[in-house]
Each structure stands twice: as structure tokens, then as C-alpha cells.
Amino acid sequence: QGRGQSLRVHLLDVSWYTESMRAGHPEQQISEAEVALFSVSSYACQRRTTLDNHNSNLTDALSLLAENAELNNEDGRGVAFRRAAALMKALPTQVISMSQLRGLPCLGEHSLRVIKDVLENGVSSEVESTKQSKRYKALKILTGIFGVGAKTADRWIREGIYNLEQLRHSGQTLNRAQKSGLEHYDDLNEPVTKAEADAIGEIVQKAVDSVLTGSQVALTGGFRRGKLTGHDVDFLITHPEEGKEVGLMPKVVAWLESQKTTRNSYLESKDGPARPASNMDRFERCFSIFKLTKGKEQETASHKIWRAVRVDLVVSPISQFAFAVLGWTGSKLFERELRRWAGHEKNMSLSSHALFDNTQNKYLRATSEEEIFAYLGLEYIPPSERNA
Ligand code: DCT
Ligand code: MG
């Protein structure tokens, strides 16, 4: 019995195996009836998810429904669709039949219905009708403005504003971020390339070198996970000597502005969403819009030689750096799942600042991401496999 047990565990541990769908006649039918069965861990942070997605027809459908739920402030539904999409991204081959999904975690009734629709009809009727709906289209357009969230977009829609033209003529008061979001709408909705991210990285490195020697810059977000494009570029800044990083963000921003490389910066404690009270006095995060010059040509009235790119800068003390790198590398779902795993499975609280062990009632120190995974009892997953 012991041997049978361990064999079963071994089979479940390999990522997939095949089984004849016609158990009664395995020999004759095997080639056409052979279908991959999958065994997948239930938390995204236990899985390796590369950018190599074998089920984009399914993940696109589920992601669109997740996005629609989030745009309608239905967070529970949003997460359920995100989890289902993440599970499909982690499968090693293309799903062709519903029977392959039996026993898999993260797939609720609604997600299964969507998947079935796509497998049988090529598209999901719910996705198609969502895409066509006036409300979804308006929410997409309006939240595509930097500084506009789902709540603001919803308020505008209730006042009859469905597009940028109507917004411009509505007399709505826009805050500073929204004004520049509207001004740079097309630029900011064009994906940022890796080459652009690298060019911006050089500017940021130059900025931190100029204001405080020895400062370090790390690329985080989607580009650290190996993505070739992104909606912004994310950087984390620190200094090897604890405490030296205090006051660094306003200096970096002032340098960038003096060089005319940024159009606008929004220090979070001044312009952004509410901050936790514990570090109120620190400019920890800065959303900014960079003015990225395209070439060495001369600008004329009709020929614009730069484009606006969103850049997120975060400063972290070196003692928290490993937690900050882990927290800002993403993906969003991977981060959410790490925190859920920590809380539900380990009785720990994980943030971008620290890991607290509620059982031992103490903070756990770490200087690398590997150490944090080890504290959490998780196998180390490199950034390129955190694309859940
Ligand atoms: N993050 C998070 N939870 C959020 C927002 C962000 O955990 N609600 C973390 C994970 C990713 C990182 O911050 C950067 O955020 P984004 O730039 O929004 O994500 P991205 O993966 O870099 O996506 P993109 O490539 O589109 O910029
Ligand atoms: Mg990003």
C-alpha cells in the first residue's frame, strides 16, 4: 500500500501525463483518443508560468471577463476569472476537450461554461456580447486615461460621457494626472517596448547617480519577467547604506525635471492614492510621464520627435529591498497568490516591505528573493516563470 501511495504522489507531481479516453479499448484507439490530463497546484505561486501560453484562446476570453468584472467593481468575480485564466496559462499543452479539465482547481462553474463555449464554438457568447456592450467600450476608453479608475469612469458614464470627445466638452474638472493622461492619451495607450524600457533605465540610472552616488536601480514589473512590451516601466531604487535612501525620491524627480526628461511627476503622497500612515512622510512611489526622445532629428510643429511613456519609480531601504523586488516584479495575480499562500497556509503576512510570522510573532529578515520563498515553504520560482 505504501508503494502504491508514493507512485500516485509521483504521478501527480509530474506536470502532465496521458491516458486513453477509451479505457476499455486502449490499444486500438490510443493515437486519436490520447488526451493530455493535467495536474496543477492550486496556488499560482506554486506553479511555473512562462510567457509561452498554449491556451491563449481560453485565457483571452477569461481575462476579458476578469477585466470587465474589475471595471464594474466586482472584485470577487474578477479574481475568480483571473485565477481560472492563470491556471490555463500554466498548462503545458493546448486543451481540446472539457474532459481534460476534470479535477483541476480554480475552475468555477462560470469559468467552465466560458471555456466550454470557446472549445465548442470558437468564441464565448458572453465575451462577444461584453465586447459589443456600450458600457464596456466606454469603461475601456475612459479608464484608458491615466489617473482615471473604474469609479470615476462609472460616474462619467452615468452623466452620459462615453468617449474622449464627450469628456472634453463636458466641463468635468480633471485633476493634474487626468489632464496629462488625456493630453498624452494615444502615446500612453501604445505599448512600451523593451528597447524603450532600456533607454529609460539609462536615464533613471543617470539621475540616481547624479543625486546620490552608490544608489542602485532595478528594473521590476513585466519587463523583469521577460515581457517584450508593457503598459509602463517599473523601477526600484535603493542605496546599500540603510537610511541614505530617505529623501531620495524628490531629488531624483527634481533632477529628471531639470533635464526636461519628464513631462509630469506625481509623488504618491502628494497626488496619488492614500498612503498607509506608517510612512506618510516618505515619497516612496512616484508615477511619472517621461518624455522619451525618439532620435536626434530636429522637432518642428508638425514633426514630434518624442513620445510620452509611463514610468513608476519606487524607493526602498536596503533592509526591505528583497521584499520590494519580489512585490514589484509581479505578476499581479502571482503577488496576490503569494500573499494568500502566506496568510492561509503559513500564518504569515507578506508585503512589499516585510514578512511577519504570526506564529513566532516576529519579522523574518531576508536579503534575497530565494530566502523569502524558503521562509514561505515554496520552491523558488524565477521572475520569467511568474507570469501567472
Ligand atoms: N502590483 C501588485 N498589485 C497591484 C499593482 C501592482 O502586486 N495592484 C505589482 C505587481 C506588478 C508590479 O507591481 C508592477 O505593476 P504593473 O506595471 O501594473 O504590472 P506589470 O506586470 O508590469 O504589467 P505591464 O507590463 O502592463 O506594465
Ligand atoms: Mg509595469
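Atoms within each ligand, like the ligands themselves, are counted from 1 in listed order.
For Y43 and H344, the gap between ring centers reaches or exceeds 6.0 Å. Ring pair W306/H184: centre-to-centre distance below 6.0 Å.
Here the heavy atom of the protein found nearest to atom 16 (P) of ligand 1 is H231 CE1, 3.9 Å. The protein non-hydrogen atom at the shortest distance from atom 13 (O) of ligand 1 is W328 CE3, 3.4 Å. Annotation: atom 11 (C) of ligand 1 to nearest protein heavy atom, G330 CA, 3.7 Å. Here the protein heavy atom with the shortest distance to atom 8 (N) of ligand 1 is K332 CD, 4.1 Å. When hydrogens are left out, the protein atom nearest atom 20 (P) of ligand 1 is G222 N, 3.7 Å; that is the closest non-hydrogen contact. Ranking protein heavy atoms by distance to atom 25 (O) of ligand 1, first place goes to K227 NZ, 2.7 Å.
Within the structure, every pair that satisfies the ring-ring contact (aromatic ring centres under 6.0 Å, His included) test and touches residues 137-172, not counting sequence neighbours, is listed here: F146-Y266.
For the Mg ion (ligand 2), the nearby protein N/O/S atoms, meaning those under 2.8 Å, are D232 OD1, D234 OD2.
Residues satisfying the ring-ring contact (aromatic ring centres under 6.0 Å, His included) test with Y375, not counting sequence neighbours, are none. When the ring-ring contact (aromatic ring centres under 6.0 Å, His included) test is applied to H54, no partner is found at least two apart in sequence or on another chain.
Counting the atoms of ligand 1 from 1 in the order shown, those under 4.0 Å from a heavy atom of G221 are 22 (O). Those atoms of ligand 1 with a heavy atom of R225 less than 4.0 angstrom away are 21 (O). Ligand 1 places these atoms under 4.0 Å from at least one heavy atom of D232: 17 (O), 27 (O). Ligand 1 places these atoms under 4.0 Å from at least one heavy atom of D234: 14 (C), 17 (O), 22 (O).
Heavy-atom separations between G327 and ligand 1 include at least one value shorter than 4.0 Å. Ligand 1 has no atom lying under 4.0 Å from any heavy atom of R336.
Residue E337 forms a side-chain hydrogen bond (donor to acceptor under 3.5 Å, both in side chains) with just one option from R386, R83, Q46, and that option is R83. Partner of M88 under the side-chain contact (heavy atoms from CB on, under 4.5 Å) criterion, out of N57, L101, N53, V40: L101 alone. The ring-ring contact (aromatic ring centres under 6.0 Å, His included) test with F373 singles out one residue from Y380, W341, F323, and that residue is Y380.
A side-chain donor-acceptor contact under 3.5 Å links N189 to the backbone of Y185. The backbone N or O of L326 lies less than 3.5 Å from no partner atom in the side chain of T329, so there is not a single donor-acceptor pair.
Only side-chain heavy atoms of E335 come within less than 4.0 Å of ligand 1; its backbone N, CA, C and O stay farther off.
A side-chain donor from one of E159 and Q172 sits under 3.5 Å from a side-chain acceptor of the other.
Contact check on R340 versus E345 returns no salt bridge, with no Lys/Arg side-chain nitrogen under 4.0 Å from an Asp/Glu carboxylate oxygen.
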